[in-house]
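Sending over a structure as structure tokens; questions will come in a sec.
Numbering of residues begins at 1 and proceeds along the displayed sequence.
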Amino acid sequence: MYLEAGGVNLQGRSVIELGAGTGLVGIVAALLGAEVTVTDRDMAMEFLKSNVHDNVPKDLEHRVSVKPLNWGTGLQHFSHFDVILGADIIYLEETFQELLETLIHLSSEHTTILLSCRLRYQRDHNFLDMMRKYFTVDQVHYDQKVDVYIYKARKAQRQEF
């Protein structure tokens, strides 16, 4: 809903969705004009490819590619994106370091990162604190009905001394 409401302009932008699951967020981004790479772990590829194929209109299929991405590994196969999307990917503390490494690798100083999540436990807040070492992180939306926050992040500007 945040994307559809124009929370960020996706027209003609390169977008990657991390931990895509069903690929819904990436599919919406493609419908809004983005060139999208939808990613998840190897074990999710068959379902993800099928779901994207079944739900992206044929005339827009060229805008969406599905690729495996295990956070923190194989990053050399990916370059920077204009927008990084992640929906409900902040919950397994043992993946936080790899997720952070992935966000750093995929982003440039011009990249916008949008993460939607429920903040269930202190560890979820801890991940946002980890991000703040490398990114400016701002809450841009809260949906009280479903208890979901949306955060926008950009690489922090390094000060020259």
Side-chain angles (χ1 to χ4, degrees), residues 1-41 44 47-48 51-52 55-57 60 63-64 66-67 69-72 75 78 80-159:
M1 290 185 297
Y2 183 79
L3 294 177
E4 287 180 306
V8 63
N9 178 15
L10 297 176
Q11 188 68 43
R13 313 258 331 258
S14 65
V15 173
I16 187 168
E17 182 186 5
L18 303 178
T22 64
L24 175 63
V25 175
I27 291 168
V28 169
L31 294 172
L32 294 172
E35 300 293 326
V36 182
T37 303
V38 183
T39 67
D40 210 321
R41 297 176 296 168
F47 174 73
L48 183 55
N51 207 40
V52 167
N55 290 289
V56 174
L60 297 181
R63 286 193 187 162
V64 184
V66 179
K67 295 183 179 178
L69 175 58
N70 298 299
W71 300 336
L75 296 176
F78 295 87
H80 296 150
F81 288 83
D82 297 325
V83 180
I84 301 171
L85 302 173
D88 201 25
I89 60 173
I90 303 170
Y91 61 91
L92 286 176
E93 191 169 18
E94 58 268 20
T95 66
F96 286 178
Q97 186 59 44
E98 290 82 9
L99 175 56
L100 182 60
E101 290 170 15
T102 301
L103 291 170
I104 291 168
H105 176 83
L106 297 174
S107 61
S108 73
E109 63 275 4
H110 304 292
T111 300
T112 298
I113 301 170
L114 289 176
L115 300 174
S116 66
C117 59
R118 286 187 170 162
L119 297 175
R120 300 170 182 94
Y121 306 103
Q122 181 58 44
R123 65 179 182 239
D124 304 333
H125 293 275
N126 294 347
F127 179 76
L128 295 172
D129 290 339
M130 288 172 65
M131 280 190 69
R132 288 184 177 99
K133 293 177 184 174
Y134 303 92
F135 300 93
T136 58
V137 180
D138 297 303
Q139 179 185 321
V140 293
H141 184 73
Y142 175 66
D143 187 330
Q144 191 172 12
K145 293 177 193 164
V146 292
D147 191 30
V148 171
Y149 294 84
I150 299 178
Y151 292 91
K152 182 185 274 188
R154 293 184 71 105
K155 275 196 173 169
Q157 298 294 317
R158 301 279 179 203
Q159 298 294 325

Is a donor on one side and an acceptor on the other found under 3.5 Å between the side chain of Asp40 and the backbone of Gly21?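 Checking the backbone N and O of Gly21 against the side chain of Asp40, a donor-acceptor pair under 3.5 Å is found.
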Are the side chains of Tyr151 and Met131 in contact, using a 4.5 Å heavy-atom criterion?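 They are not in contact (no side-chain heavy atoms under 4.5 Å apart), so the answer is no.
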Shortest non-hydrogen contact between Lys67 and Thr37, atoms and distance: CD-CG2, 4.0 Å
Any side-chain donor paired with an acceptor under 3.5 Å for Asp147 and Tyr142? yes
Side chain to side chain, Leu10 and Val36, heavy atoms closer than 4.5 Å: no
Under the side-chain contact (heavy atoms from CB on, under 4.5 Å) test, which residues partner Ile104, sequence neighbours left out?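 With neighbours one apart ignored, the set is Leu100, Tyr134, Phe135, Lys155.
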4.5 Å side-chain heavy-atom contact, Ile27 and Val64: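 Side-chain contact under 4.5 Å: no.
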Whether Asn55 side chain and Asn51 backbone form a donor-acceptor pair below 3.5 Å: yes
Min side-chain heavy-atom separation His110-Arg154 under 4.5 Å: yes
Using a 4.5 Å cut-off on heavy atoms from C-beta on, say whether the side chain of Leu85 contacts that of Ser116. no
Please find the pair of heavy atoms, one from Ile89 and one from Leu18, that lie closest to each other, and give the distance.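 Reported closest heavy-atom pair: CG2-O, 3.6 Å.
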For Arg123, does the CZ atom sit with more than 12 other heavy atoms under 6.0 Å from it, leaving out its own atoms?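 Counting neighbours around CZ of Arg123, more than 12 heavy atoms of other residues, nucleotides or ligands fall under 6.0 Å, so yes.
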Calculate, to the nearest 0.5 Å, the distance between atoms CZ and OG1 belonging to Arg13 and Thr111 respectively. 8.5 Å
Kindly indicate whether the side chain of Leu69, heavy atoms from C-beta on, has any atom under 4.5 Å from the side chain of Leu75. yes
About how many Å separate CG of Asp138 and CG of Leu128, when rounded to the nearest 0.5 Å? 11.0 Å
Separation of Leu106 CG from Phe81 CZ (nearest 0.5 Å):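 The CG atom of Leu106 is 6.0 Å from CZ of Phe81, to the nearest 0.5 Å.
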Are the side chain of Arg118 and the backbone of Tyr91 linked by a donor-acceptor contact shorter than 3.5 Å?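 No, the answer is negative, given that no donor and acceptor are paired below the 3.5 Å cut-off.
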Please find the pair of heavy atoms, one from Gly26 and one from Val38, that lie closest to each other, and give the distance. CA-CG2, 4.2 Å
Could you check if a side-chain atom of Val140 sits within less than 4.5 angstrom of a side-chain atom of Tyr2, using non-hydrogen atoms only?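 The answer is yes, as the side chains (C-beta and beyond) meet within the 4.5 Å cut-off.
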Would you indicate whether the side-chain heavy atoms of Val8 and Leu3 approach each other to under 4.5 Å?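 Touching, per the 4.5 Å side-chain cut-off.
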Give the C-alpha distance, both sets of side-chain angles, the deciding distance and a yes or no for side-chain contact (heavy atoms from CB on, under 4.5 Å) between Tyr149 and Leu115. CA-CA 8 Å; Tyr149 294 84; Leu115 300 174; over 6 Å; no
If you round to the nearest 0.5 Å, how far is NE2 of His141 from NZ of Lys152? 13.0 Å
For Leu60 versus Ala30, what's the shortest heavy-atom pair and its separation?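 Between these two residues, the closest heavy atoms are CD1-O, 4.5 Å.
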Kindly say whether Gly72 contributes a backbone atom to a donor-acceptor pair with the side chain of Thr102 at under 3.5 angstrom? yes
To the nearest 0.5 Å, what is the distance between CG on Asn126 and CZ on Phe96?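 With rounding to 0.5 Å, CG (Asn126) is 7.5 Å from CZ (Phe96).
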Rounded to the nearest 0.5 Å, what's the gap from OG on Ser14 to CG on Asp82? Could you check? 3.5 Å
